[in-house]
Participant: 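Below you will find the structure I want to go over with you.
Here the structure is a predicted model, which means the values were calculated and not measured.
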Amino acid sequence: QVQLVESGGGLVQPGGSLTLSCKASGFRLDDYAIGWFRQAPGNEREGVSCIGISDTRAEYADSVKGRFTMSRDNSKNMVYLRMDSLKPEDTATYYCAAHFTCNYRRGTVYSTGYGTWGQGTQVTVSP
């Protein structure tokens with residue numbers, strides 16, 4: 001069964017940090033580009049970051065650039081999103097997804113084409 005499972009969400013104070021994990025099963029993560037997306041209630045889904053198939057360098061949305069770091073560990077079939085200097089506006093459900101290409105242009109990660117999605121993990125940034 002092909003699936004992605006996110007974990008690591010939780011409640012954190014503004015300025016704090018969290019690391020999200022995305023584990024793949026049923027396929028090799030290093031055969032795909034992986035994206036992180038988020039969606040807050042009432043808002044559209046927003047691309048956060050992505051990393052290409054053979055890339056070690058990730059791309060980031062302007063809203064998180066300099067604060068979030070995406071990485072992959074192909075030996076564990078996992079992808080991570082380290083989030084630092086968290087703000088209340090980072091509160092959302094975070095999803096990882098797989099595609100054949102990063103689909104990043106000019107500071108935006110587009111969700112078009114991402115075909116396998118996890119169930120999401122909730123991140124809440126609040127005092």
Participant: So, do P127 and P14 sit near enough that their side-chain heavy atoms are less than 4.5 Å apart?
Facilitator: yes
Participant: Do K87 and R67 have side-chain heavy atoms sitting under 4.5 Å apart?
Facilitator: yes
Participant: Hydrophobic clusters here meaning ILVMFWY residues chained together by side-chain heavy-atom distances under 4.5 Å, can you tell me if V2 and V5 are in one?
Facilitator: no
Participant: Indicate, with yes or no, if the rings of Y104 and Y60 have centres closer together than 6.0 Å.
Facilitator: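 Y104 vs Y60: aromatic centres not under 6.0 Å.
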Participant: Side chains of T93 and Q39: donor-acceptor distance under 3.5 Å anywhere?
Facilitator: no
Participant: Could you pull out all residues at least two apart from R105 that satisfy salt bridge (charged side-chain N to carboxylate O under 4.0 Å, His left out)?
Facilitator: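 Salt bridge (charged side-chain N to carboxylate O under 4.0 Å, His left out) check on R105 returns nothing, list empty.
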Participant: Does the side chain of S49 come within less than 4.5 Å of E59's, by heavy atoms?
Facilitator: no
Participant: Classify the ring geometry of F37 against Y114: parallel below 30°, tilted from 30° to 60°, perpendicular beyond 60°.
Facilitator: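 Taking Y114 first and then F37, their aromatic rings stand perpendicular (interplane angle over 60°).
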Participant: Mind checking whether W36 and C22 have side chains closer than 4.5 Å, heavy atoms only?
Facilitator: yes
Participant: Where the side chain of D84 meets the backbone of S17, is there a donor-acceptor pair that is under 3.5 Å apart?
Facilitator: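 Not at all, since once roles are kept as given, no pair shorter than 3.5 Å links the two residues.
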Participant: State whether the side chain of H99 and the backbone N or O of G113 hold a donor-acceptor pair below 3.5 Å, judged by distance alone.
Facilitator: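 The answer is yes, because a donor-acceptor pair under 3.5 Å joins these two groups.
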Participant: Does any part of the side chain of K23, heavy atoms only, come nearer than 4.5 Å to the side chain of L4, both counted from C-beta?
Facilitator: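 A side-chain contact under 4.5 Å is absent here.
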Participant: Any donor and acceptor pair, going by atom type alone, linking the side chain of R82 with main-chain N or O of S71 inside 3.5 Å?
Facilitator: no
Participant: Which pair of non-hydrogen atoms, one from E6 and one from C96, has the smallest distance, and what is that distance?
Facilitator: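 Looks like OE2-N, 2.8 Å.
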Participant: How about K65: does its NZ atom have over 12 heavy atoms from other parts shown lying under 6.0 Å from it?
Facilitator: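 Yes - once you tally the heavy atoms of other residues, nucleotides and ligands closer than 6.0 Å, there are more than 12.
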Participant: Which pair of non-hydrogen atoms, one from A40 and one from A92, has the smallest distance, and what is that distance?
Facilitator: N-CB, 3.8 Å
Participant: Y95: what forms a ring pair (Phe, Tyr, Trp, His ring centres under 6.0 Å) with it, not counting sequence neighbours?
Facilitator: none
Participant: Look at the side-chain heavy atoms of Ile, Leu, Val, Met, Phe, Trp and Tyr, link any pair under 4.5 Å apart, and say whether Y110 and Y32 land in one connected group.
Facilitator: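 Different hydrophobic clusters.
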Participant: Is any side-chain heavy atom of V125 closer than 4.5 Å to one of Q13?
Facilitator: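 Not touching, per the 4.5 Å side-chain cut-off.
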Participant: Report the C-alpha separation of V79 and M70 in whole Å, then their side-chain angles, then the decisive distance to 0.1 Å, and conclude whether the side chain to side chain contact (heavy atoms under 4.5 Å, CB included) test is met.
Facilitator: CA-CA 7 Å; V79 171; M70 183 177 181; 3.4 Å; yes
Participant: Over 60° means perpendicular and under 30° means parallel, so classify the ring planes of F68 and Y94, tilted if in between.
Facilitator: tilted
Participant: So do the side chains of R106 and D62 get within less than 4.5 Å of each other, counting heavy atoms only?
Facilitator: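 No, their side chains stay 4.5 Å or more apart.
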Participant: Please identify each residue that fulfils salt bridge (charged side-chain N to carboxylate O under 4.0 Å, His left out) with D73, with sequence neighbours left out.
Facilitator: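 Salt bridge (charged side-chain N to carboxylate O under 4.0 Å, His left out) check on D73 returns nothing, list empty.
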Participant: Could you check whether atom CD of Q119 has more than 12 heavy atoms from other residues, nucleotides or ligands sitting under 6.0 Å from it?
Facilitator: yes
Participant: Group every Ile, Leu, Val, Met, Phe, Trp and Tyr by side-chain heavy-atom contacts under 4.5 Å, then state whether L18 and I34 land in the same group.
Facilitator: yes
Participant: Start with the C-alpha distance between N103 and T112, add both sets of side-chain angles, then the distance that settles side chain to side chain contact (heavy atoms under 4.5 Å, CB included), and finish with yes or no.
Facilitator: CA-CA 8 Å; N103 208 4; T112 306; 3.7 Å; yes
Participant: Just verifying a value: how many Å separate L29 CG and M78 CE, rounded to the nearest 0.5 Å?
Facilitator: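 Between L29 CG and M78 CE, I get 9.0 Å after rounding to 0.5 Å.
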Participant: Kindly give the heavy-atom pair with the smallest separation between S25 and N77, and that separation in Å.
Facilitator: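 Answer, listing the atom of S25 first, then N77: N-ND2, 4.5 Å.
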Participant: Once you round to the nearest 0.5 Å, how far does OG1 of T69 lie from CE of M83?
Facilitator: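 Going from the OG1 atom of T69 to the CE atom of M83 covers 11.0 Å.
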Participant: Quick one: which of L20, V109, L81 gives a side chain to side chain contact (heavy atoms under 4.5 Å, CB included) with V48?
Facilitator: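 The side chain to side chain contact (heavy atoms under 4.5 Å, CB included) with V48 is passed solely by L81 among L20, V109, L81.
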Participant: Got R38 and S63 here, is their nearest side-chain heavy-atom distance under 4.5 Å?
Facilitator: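 SC-SC contact between R38 and S63 confirmed.
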